Amino acid sequence: MSTEDHHQPPAEPRPDDPAGSRPRHDPDSVLPSGKGPLLGPGNLTSPQAAALRTEPAAPLPDAAEATSDAGEPIAPPHVARFQFLFGVLIAVGAAAVVLFVASLLHGDGSGSTTTAAGDGWAAWAPTSKSSNSVPQQIAAHVAPRYRLDQGQQAVLVDGGPLTVASLPLTVAVKAPAAQGGGISLLENKKSVLYRFCGLGDKCGLIGKRSIERHLLLRREALELALYSFHYTDADQVVVFMPPPAGSKTGQSGNALFFQRGTLARQLHQPLDSTLTDEVPRPSAIDRSADRLIVETQTRPAYFNFTLQQANQDNRAYLVLAPLTAAQLTAPAPKPTPATGKPA
């Protein structure tokens, strides 16, 4: 049998990809043609291809502008939780404001406010903002702090408007003779007056007179002025010192006169930066850390004063004449041999 005659029987037809490994479509049909972008609309065969070829793509919506299929706004994720937390923060803030305002109005119930309730300038502040009551509150706070070596209060202090016998006073400042001796009227000024009253006859001081005690009273006057300028709108503060021994009329004496501008630096810093919180006794005032500032601020403010009635019945003048350096630094008078009391 020749090879041409010997032939094998025809092969049985094979099943169509029994293992599922052959793709159902022609692999060559999915390859790009080499023209145009891979993901451009020209390669899309879906029904939307024509629209994408002719219309620009719409921008993605913001989260705030997104809507559901039903046309309702779509809330961003966790929005309910953020709204709740935001509401809690608002409530806490409102409660804090209410408590702060209440503390300003009511203080601590002791007739004074603390630093937290005030503005931080001092540890104490008047509870009332009435221009008539604040000076008296300041006097009631400051006076008990100043005591003599034996422990008794140095002077009683009364605070109020600049009036005498219900007559408003106009300050008239006399210049030294070396400067011409002219008189300056300080009219239309808001003023506060403090009166020092000792425990002796006609508010005079008792006990031994001394430079140290005098310096202590000048320190007290400075503290009253600082409080007054900070907590009132006063332009000037006058402090009447206790009347000198033998004074009968009360129409003259010594006074300290402070103007707001001269204490501007001290008013822009906390009070304890000017005066120590602990008030020294007379025997220790020479060693006090604030002695220099007391001397510097009170020496130029110390005057002799006289009260003079004006031609009009509803007005009077407080005439201030500066002391000489010799008067201010004169040593304390010695007791007289007859009475043992200061002259």
Side-chain angles (χ1 to χ4, degrees), residues 146 154-155 157 162 164 169-186 189 191-198 200 202-226 228-229 234-263 266 274-275 282 285-286 288 290-308 316-335 341-343:
Y146 285 79
V155 290
V157 182
L162 185 60
V164 170
L169 294 176
T170 298
V171 176
V173 181
K174 295 178 65 175
Q179 300 178 12
I183 299 178
S184 300
L185 290 181
L186 304 181
K189 300 291 186 179
S191 307
V192 173
L193 172 64
Y194 293 98
R195 298 177 177 89
F196 283 0
C197 180
K202 297 180 180 180
C203 284
L205 293 171
I206 60 174
K208 183 179 179 180
R209 296 175 61 184
S210 68
I211 295 176
E212 291 76 19
R213 187 177 69 176
H214 191 266
L215 182 59
L216 181 71
L217 295 180
R218 283 191 279 149
R219 185 190 194 274
E220 184 171 1
L222 176 60
E223 185 169 352
L224 291 168
L226 290 170
S228 300
F229 287 136
D235 301 309
Q236 51 196 25
V237 173
V238 178
V239 181
F240 284 173
M241 296 290 279
S247 176
K248 297 180 180 180
T249 63
Q251 300 297 305
S252 62
N254 298 128
L256 286 103
F257 176 62
F258 300 96
Q259 294 179 284
R260 179 179 290 273
T262 61
L263 295 175
Q266 286 71 33
T274 303
L275 299 176
I285 198 168
D286 278 340
S288 177
D290 54 27
R291 171 171 182 166
L292 180 60
I293 189 66
V294 173
E295 289 278 11
T296 302
Q297 294 297 331
T298 61
R299 279 177 177 270
Y302 201 78
F303 292 86
N304 287 319
F305 80 84
T306 55
L307 298 176
Q308 296 182 4
Y317 293 106
L318 173 65
V319 182
L320 300 176
L323 274 69
T324 65
Q327 288 176 307
L328 192 58
T329 59
K334 297 180 179 180
K341 296 180 179 180

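Values in this document were obtained by computation on a predicted structure and should not be read as measured data.
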For Ile206 against Gly200, the heavy-atom pair lying closest together: CG2-CA, 3.3 Å
I need the minimum non-hydrogen distance between Ala234 and Arg260, along with the two atoms involved. O-NH2, 2.8 Å
Heavy-atom distance under 4.5 Å between the side chains of Leu186 and Phe257, does that happen here? yes
Check Leu256 against Ala221 and note the closest heavy-atom contact, atom names and distance. CD1-CB, 4.0 Å
So which atom in Ile293 and which in Leu222 form the shortest heavy-atom distance, rounded to 0.1 Å? O-CD2, 4.4 Å
Tyr146 side chain reached by Glu223 side chain, heavy atoms, under 4.5 Å: yes
Sub-4.5 Å side-chain heavy-atom contact between Phe305 and Val238: no
Could you list the residues that satisfy side chain to side chain donor-acceptor pair (under 3.5 Å) with Thr274, not counting sequence neighbours? Gln269
Are side-chain heavy atoms of Asn304 and Asn254 found at a separation under 4.5 Å? yes
Sub-3.5 Å donor-acceptor pair from the side chain of Arg218 to the main-chain atoms of Glu295, do we have one? no
Taking all non-hydrogen atoms of both residues, which atom of Ala301 and which atom of Phe258 are closest, and how far apart? CB-CE2, 3.9 Å
Mind listing the closest non-hydrogen atom pair of Asp290 and Leu275 along with its distance? OD2-CA, 3.5 Å
Do Pro242 and Leu217 have side chains that approach each other closer than 4.5 Å (heavy atoms only, starting at C-beta)? yes
As an exercise, state the distance from CD of Gln308 to OH of Tyr317, rounded to the nearest 0.5 Å. 9.5 Å
Indicate yes or no: at least one non-hydrogen side-chain atom of Val192 is less than 4.5 angstrom from one of Leu224. no
Side chains of Val171 and Leu162 in contact at under 4.5 Å (non-hydrogen atoms): yes
Under the side-chain contact (heavy atoms from CB on, under 4.5 Å) test, which residues partner Arg213, sequence neighbours left out? Leu148, Leu205, Arg209, Ser210
Do the side chains of Phe303 and Lys174 get nearer than 4.5 Å, heavy atoms only? no
